[in-house]
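Only one structure is covered here, and it is reproduced in the block below.
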Amino acid sequence: MEYLTFTILSSILVIIIVILILKSRRDRILANRIPGPNGWFLIGMLPLFLQEPEKLIKNLLREYRMYEKFIIKFWLFNNLYIVLTRLEDIKLVLSNPKCLRKSKDYMVLQESIMGQGIFSIDDIEKWKNNRKIVIRGFSFSSINSFIPIFYQEANVLAEILQEKCILKSNECNISGPVSMATMEMIGKTALGVTFNAQTGGCNQFVEHLQTAMHAWEYRITHPWYLNNTLFRFSSVKRKHDQSQKIINEFTDEIIKKKIIEFTQKIDNIDIKIEKEDEDCCPKPKTVLEILLRSSHKMDHKQIRDEIVTVMIGGQETTTMAITCIIFMLAHHQDVQNKVFEELQSIFLNGDHNRTPTYRDFQQMKYVEMVIKETLRLFPPLPFLGRRLNEDIKIGEYMCPAGAALIICPIFLQSSPLYYTDSEKFNPDNFLPDVCGSRHSYAYIPFGAGFRNCIGIKYAMLQIKTVISTLVRKIKFFPSDRCPTPEDLRLMFLMTLKLVDGCYVKVEPRT
């Protein structure tokens, strides 16, 4: 009986393998013409992906550098991935309206916390409509009105960092406090909600967010779990579902409170709208207000998906950016001194600790160079993916429909092909004449083309506010726990993340 069962299972396995081979025969013929590692039969590059997230980035970088002047193909099971390294190819794809759909790896996000939000949604018409609505919350008038909130929370962050250092011999892990500060900022600006995150009011949400992101990374690097049936038996699935439930309940409560608030004040709101129309100076609305009052009515789930997407996009990316900027300033005292000198010249007259203005930010030329250089080395979205719905010729190679096109800002932006001393931190990479001589697609930390990040201006204004406020109050130095930039450990969890935090020493400026 056991022998018969084994024979039947073996036959089924052989049939499955034959079907996969026949089905992907044409794709393999086209793919074999593209440079890149072939990997094991029907397994592809899976052994490389089965390593821990920190090693994954290093191993992928090694493979990337080997084939950097070509496009690169690799297989994961029967899934074909084509990595674009040449700037002309990257521009062709990101600016092509036929390449708007995300690769199927993003389907995991649709089944998770982001649902049908604009980052992960696959319905292009729905994406276009929702993007137009959400982007209204990041208009110039809106983000300009956010500056006092950014500044207020940056001051709270400065106080917290100084308090932590008094308790821990001037050394502290800045990643946690920065994360809570950006959480409070996105809550107050995009949602009109006070989380009290910097005083311990939002830790649970962030913790469960990390659990959900770990589950996404786990399914991508263990691709058999992309199958929902198999994933159902994983312990990771149970942890993910619990975290997703808490995140959804957290977001539902925010939406519920706002709906009640709008219902109770509907008469006042109508009066205000009329007055704003008369004054021709409407008060900027939060993203949540815009979604709830949109003429294109969204159901509750769609609003929740967009809010979670905005919260992740506005919190995760800027947390990493601000943390890494502080770290690089600590390890490059000459750069930190130049930043401080520029800020001193801008805030020379009157109150040195006043709230910065938009005009002040326009004068922060060197600060902006430092931000951009940090984002070059630590892009918030290290990998981007698009799905081909039809065959397309990229360079000299025909890429088959169904393949995933992968773009790697983290490797592209540290390439010696486009930057001198590419792994060295050097803000002069963003001097005007240097930028003018470089291909615009050699720097895409927030993506590019049709599906680029809608919050770029928001992020830059927030980061400038936080950095200019902290540097005016605090000096940063290297920590004994992380004495060189090479000691900063990175990993990939949808966004770029730190393995074990980011330690620096902090001293108040006198």
Side-chain angles (χ1 to χ4, degrees), residues 52-54 57 150 153-186 195-214 217 312 314-333 335-336 339 370-371 374-375 377-380 382 425 462-463 465-467 469-509:
E52 60 191 59
E54 182 182 5
I57 290 181
F150 293 154
E153 297 306 322
N155 276 310
V156 175
L157 175 61
E159 293 174 6
I160 289 172
L161 292 179
Q162 292 180 74
E163 288 172 3
K164 283 183 175 293
C165 285
I166 290 172
L167 297 172
K168 298 184 179 181
S169 303
N170 288 11
E171 181 177 83
C172 74
N173 178 4
I174 60 173
S175 56
V178 171
S179 177
M180 291 299 101
T182 57
M183 190 70 201
E184 189 65 26
M185 291 177 199
I186 196 68
F195 291 139
N196 296 315
Q198 297 210 70
T199 53
C202 212
N203 299 61
Q204 190 180 42
F205 175 87
V206 175
E207 288 172 6
H208 287 288
L209 175 61
Q210 302 312 311
T211 300
M213 292 173 70
H214 271 282
E217 180 273 334
I312 294 173
Q315 194 264 340
E316 281 289 315
T317 55
T318 54
T319 293
M320 185 66 182
I322 292 168
T323 300
C324 290
I325 291 166
I326 294 172
F327 181 82
M328 298 312 279
L329 290 176
H331 287 267
H332 299 84
Q333 292 295 309
V335 173
Q336 185 175 179
V339 167
V370 170
I371 294 170
T374 306
L375 291 172
L377 295 173
F378 306 99
F425 179 76
Q462 181 195 49
I463 294 168
T465 306
V466 174
I467 295 302
T469 303
L470 293 182
V471 172
R472 279 187 284 161
K473 296 175 176 291
I474 296 172
K475 293 180 183 178
F476 299 101
F477 298 94
S479 161
D480 296 334
R481 291 189 57 166
C482 202
T484 70
E486 290 72 27
D487 295 310
L488 192 64
R489 300 171 61 200
L490 303 173
M491 64 179 177
F492 173 49
L493 291 181
M494 185 178 78
T495 59
L496 194 63
K497 300 288 289 182
L498 300 167
V499 175
D500 51 8
C502 178
Y503 288 83
V504 298
K505 288 184 178 179
V506 172
E507 289 184 8
R509 291 190 184 273

Sequence-distant partners of P478, side chain to side chain contact (heavy atoms under 4.5 Å, CB included), two or more places apart: H331, Q333

Whether E54 side chain and L490 backbone form a donor-acceptor pair below 3.5 Å: no

D500: salt bridge (charged side-chain N to carboxylate O under 4.0 Å, His left out) partners, not counting sequence neighbours: R489

E184 side chain vs A197 backbone, donor-acceptor pair below 3.5 Å: yes

Candidate pair Q462 and E153, rule side chain to side chain contact (heavy atoms under 4.5 Å, CB included), full reasoning: CA-CA 10 Å; Q462 181 195 49; E153 297 306 322; over 6 Å; no

Note, Q198 side chain near E159 side chain (heavy atom, < 4.5 Å): no

Student check: side-chain heavy atoms of V466 and M185 closer than 4.5 Å: yes

All salt bridge (charged side-chain N to carboxylate O under 4.0 Å, His left out) counterparts of K505, not counting sequence neighbours: D480

Atom pair SG (C324) and CG (L496), whose distance is rounded to the nearest 0.5 Å: 7.0 Å

M328 versus L377, closest heavy-atom pair with distance: CE-CD1, 4.4 Å

Atom of Q315, atom of S179 and distance for their closest heavy-atom approach: NE2-OG, 2.7 Å

Spatial distance of atom CG (L470) from atom NZ (K475) [nearest 0.5 Å]: 15.5 Å

Whether E171 side chain and Y503 backbone form a donor-acceptor pair below 3.5 Å: no

CD1-CZ distance between I57 and F492, expressed to the nearest 0.5 angstrom: 7.5 Å

Value rounded to 0.5 Å, distance of CZ in F378 from OG1 in T495: 14.0 Å

CA sep, side-chain torsions, deciding dist, call: L375, I325, side chain to side chain contact (heavy atoms under 4.5 Å, CB included): CA-CA 8 Å; L375 291 172; I325 291 166; 5.9 Å; no

Nearest heavy-atom neighbours spanning V206 and M183: CG2-SD, 4.2 Å

Residue among R509, E507, Q162 satisfying side chain to side chain contact (heavy atoms under 4.5 Å, CB included) with I474: Q162

Evaluation steps, side chain to side chain contact (heavy atoms under 4.5 Å, CB included), between F425 and V370: CA-CA 9 Å; F425 179 76; V370 170; 4.1 Å; yes

CD1 on I160 to SG on C172, rounded to 0.5 Å: 10.5 Å

K497: partners by salt bridge (charged side-chain N to carboxylate O under 4.0 Å, His left out), with sequence neighbours left out: E316

Step-by-step side chain to side chain contact (heavy atoms under 4.5 Å, CB included) determination, F477 to V504: CA-CA 6 Å; F477 298 94; V504 298; over 6 Å; no

Nearest-0.5 Å distance, CD1 of residue I371 to CD1 of residue I463: 5.5 Å

Side chain to side chain contact (heavy atoms under 4.5 Å, CB included) involving S175 - partner list, sequence neighbours excluded: N173, T323, L498

Under the side chain to side chain contact (heavy atoms under 4.5 Å, CB included) test, residues paired with T469 that sit two or more places apart: Y151, A154, N155, T465, R472, K473

